[in-house]
Amino acid sequence: MASVSSPPHIPVLYRDVLSALHVTAGSRHIDGTLGAGGHAAGILEASAPDGELLGLDRDPGALAEAGRRLTRFAGRAHLRRGSFADLRHHAVAIGWGQVDGVVLDLGVSSMQVDDPGRGFSFRADGPLDMRFDPEQPTSADELINTWEEEALAEVIGRYGEEPLAGRVARAIVARRPIHSTLELANVIAAAVRTRRPGLHPATRTFQALRIAVNQELQALEQALPQAVDLLAPGGRLVVISFHSLEDRIVKGFIRRESLDCLCPPDLPVCTCGHVARLRPVSRRAVKPAAEEIANNPRSRSARLRSAERPGAA
């Protein structure tokens with residue numbers, strides 16, 4: 001894997017994340033998507049002098065970069081390699097039963113996109129990889145070159161919301177073997193000749209493949225209930241999503257966990273016993289301001305949703 005040497009950037013919705021988390025001195029937080037450590041550094045600064053943070057990432061390169069950035073917080077930053085799908089396991093492993101906040105910044109990081117060797121981007125040639133964890137067995141190469149056409153079409157349609165998924169899958173199968181990201185992008189572009197200005201024909205398919213390779217939506221669905229279980233009363237859950245599939249999961253989860261009853265509306269008496277475990281911090285998703293989008297165009301699709309565990313902090 002190529003080493004990461006670019007200077008750390010200000011992460012997406014940085015100030016909004018810190019505001020939504022309501023970080024205080026001595027608090028404990030989990031950053032389930034550590035990346036380069038930008039949000040983590042802000043949390044540790046705001047929780048000084050004795051606040052602690054558990055940072056998780058599946059990518060060893062990201063962990064190394066974050067470790068360098070967070071060196072000045074030695075003893076307060078606990079970094080572990082792993083998925084946010086295992087939040088509870090990692091919290092228990094360091095002796096934490098409850099935390100004051102959990103943040104998840106979903107999707108692929110700039111470090112990963114900008115490294116052609118990781119295979120996330122169609123802007124430069126690279127291997128068909130797309131794995132967050134380079135040691136996991138399944139890569140995009142396997143999906144592209146071995147999956148049946150019907151399975152490929154289903155993934156591209158579901159995870160990429162690509163209306164021409166069947167046509168894309170047929171084109172891929174017809175051109176096998178495909179060896180690189182640019183070769184794949186050219187195959188897709190030939191199959192999807194029309195697209196609104198500014199959107200590359202391969203955008204949706206690459207998103208779909210990345211989600212499938214890393215099982216991103218499944219991990220999110222596993223992580224959200226664990227995050228709420230770990231929150232102390234008054235603790236905050238903050239999630240940044242970058243496409244409608246993620247945002248629907250987060251929005252739906254917060255809505256369900258904010259209800260005192262999950263029984264069907266036609267049931268005369270509640271039998272579920274469900275009690276609201278969350279309270280939305282704001283009714284609408286927070287979006288990046290025009291200035292942030294101008295400075296970082298990749299932030300344009302970001303949506304931040306936050307909720308609080310009821311009870312006194």
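All values below were derived from every heavy atom in this structure, side-chain atoms included, with hydrogens, water molecules and symmetry-related copies excluded.
For the residue pair Ala219 and Ser83, the shortest heavy atom distance occurs at CB-OG, 4.3 Å. Scanning both residues, Pro310 and Ala276, for their nearest heavy atoms gives CG-O, 4.3 Å. Across all non-hydrogen atoms, the minimal contact from Ala66 to Leu79 is C-CD1, 4.2 Å. What you find for Cys261 and Cys270 is that their closest heavy atoms are SG-SG, 3.5 Å. Of all non-hydrogen atoms in Leu230 and Ala91, the two that sit nearest each other are CD2-CB, 3.9 Å. When every heavy atom of Thr71 is checked against every heavy atom of Arg68, the shortest pair comes out as OG1-O, 3.1 Å.
Looking at Glu52 and Arg28, a side-chain N of the basic residue comes within less than 4.0 Å of a carboxylate O on the acidic one, giving a salt bridge. Under the 4.0 Å criterion applied to side-chain N and carboxylate O atoms, Glu292 and Arg298 are not assigned as salt-bridge partners. One finds a salt bridge joining Arg210 and Glu216 here, because a Lys/Arg side-chain nitrogen approaches an Asp/Glu carboxylate oxygen to under 4.0 Å. Salt bridge absent: Glu221 and Arg248 never bring a charged side-chain N and a carboxylate O closer than 4.0 Å. For Arg76 and Asp50, the salt-bridge test fails: no basic side-chain N is under 4.0 Å from an acidic carboxylate O.
In the hydrophobic clustering of this structure, Trp96 groups with Leu87; members are Ile, Leu, Val, Met, Phe, Trp, Tyr whose side-chain heavy atoms approach within less than 4.5 Å, directly or through other members. At a threshold of 4.5 Å between side-chain heavy atoms, the hydrophobic network of Ile, Leu, Val, Met, Phe, Trp and Tyr places Val102 and Ile249 in one connected group. Note: the hydrophobic cluster containing Phe132 also contains Leu217 (ILVMFWY, side chain heavy atoms under 4.5 Å, direct or indirect links). Under the 4.5 Å side-chain heavy-atom criterion for ILVMFWY residues, a single connected hydrophobic cluster contains both Val12 and Val286. A single hydrophobic cluster is not seen to contain both Leu262 and Leu278; linkage of ILVMFWY side chains at heavy-atom distances under 4.5 Å, directly or through other members, places them apart.
If you take CG on Asn145 and CD1 on Ile172, they are separated by 9.5 Å, rounding to the nearest 0.5 Å. Atom CD1 of Ile156 is separated from atom CG of Leu152 by 5.0 Å, given to the nearest 0.5 angstrom. Here the CZ atom belonging to Arg277 is positioned 10.5 Å from the CG atom belonging to Leu237, to the nearest 0.5 angstrom. Taking CZ of Arg170 as the reference point, atom CG of Leu164 lies at 9.5 Å (rounded to 0.5 Å). To the nearest 0.5 angstrom, Ile30 atom CD1 is 10.5 Å from Arg88 atom CZ.
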Problem - Criterion side chain to side chain contact (heavy atoms under 4.5 Å, CB included) on Thr33 and His39, from CA distance to verdict - result: CA-CA 9 Å; Thr33 48; His39 288 129; over 6 Å; no

Practice task
List the steps and the verdict of side-chain hydrogen bond (donor to acceptor under 3.5 Å, both in side chains) for Ser282 and Arg305.
Solution key: CA-CA 8 Å; Ser282 60; Arg305 295 188 185 274; over 6 Å; no

Exercise for the section: Begin with the C-alpha distance, continue with both residues' side-chain angles, and end with the deciding distance and a verdict on side chain to side chain contact (heavy atoms under 4.5 Å, CB included) for Arg72 and Glu45. Expected result: CA-CA 10 Å; Arg72 59 195 171 104; Glu45 287 172 354; 2.6 Å; yes

Practice task
Could you walk me through whether Ser180 and Asp125 pass side-chain hydrogen bond (donor to acceptor under 3.5 Å, both in side chains), step by step?
Solution key: CA-CA 6 Å; Ser180 72; Asp125 207 17; 2.8 Å; yes

Problem - Audit row: Arg131, Arg118, side chain to side chain contact (heavy atoms under 4.5 Å, CB included) steps and yes/no - result: CA-CA 7 Å; Arg131 294 172 295 177; Arg118 303 299 299 275; 5.6 Å; no

Practice task
Go through the steps to decide whether Met130 and Gln112 satisfy the test side chain to side chain contact (heavy atoms under 4.5 Å, CB included), and finish with yes or no.
Solution key: CA-CA 9 Å; Met130 302 190 189; Gln112 292 162 333; over 6 Å; no

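Using cut-offs of 30° and 60° for the angle between ring planes, the Phe122 and Phe206 rings count as perpendicular.
Using a 4.5 Å cut-off on side-chain heavy atoms (C-beta onward), Phe242 and Ile240 make contact. Taking 4.5 Å as the limit, every side-chain heavy atom of Asp100 sits out of range of all side-chain heavy atoms of Thr24. The side-chain heavy atoms of Phe84 and Leu106, taken from C-beta on, include a pair separated by under 4.5 Å. Side-chain contact between Pro225 and Phe253 is present, with heavy atoms from C-beta onward closer than 4.5 Å. Annotation: side chain of Asp31 is not in contact with side chain of Leu54 (no heavy-atom distance under 4.5 Å). Contact of the Pro163 side chain with the Arg204 side chain is registered, since non-hydrogen atoms from C-beta on lie closer than 4.5 Å. The side-chain heavy atoms of Leu18 and Ile43, taken from C-beta on, include a pair separated by under 4.5 Å. Within the 4.5 Å cutoff, no side-chain heavy atoms of Leu304 are placed close to those of Val239.
Within a 6.0 Å sphere centred on CZ of Arg279, heavy atoms belonging to other residues, nucleotides or ligands number more than 12. Residue Glu150 places its CD atom among 12 or fewer non-hydrogen atoms of other residues, nucleotides or ligands, all under 6.0 Å distant. By the 6.0 Å contact criterion, CZ on Arg80 is enclosed, its count of non-hydrogen atoms from other residues, nucleotides or ligands being greater than 12.
No option in His29, His22, Glu308 other than Glu308 meets the side chain to side chain donor-acceptor pair (under 3.5 Å) test with Arg236. A side chain to side chain donor-acceptor pair (under 3.5 Å) with Arg81 is found for exactly one of Asp59, Asp133, Asp57, namely Asp133.
No donor-acceptor pair under 3.5 Å is formed between the side chain of Asp115 and the backbone N or O of Met111. Proximity of a side-chain donor or acceptor of Ser27 to a complementary backbone N or O of Val23 within less than 3.5 Å is not detected. No donor-acceptor pair closer than 3.5 Å links the side chain of Gln215 to the backbone N or O of Ile211. In this structure, the side chain of Glu154 does not engage the main chain of Ala165 through any donor-acceptor pair within 3.5 Å. With hydrogens and angles disregarded, no donor-acceptor distance shorter than 3.5 Å links the side chain of Ser299 to the backbone of Ala302.
Looking at Arg303 and Ser244, their side chains never bring a donor and an acceptor atom within 3.5 Å of each other.
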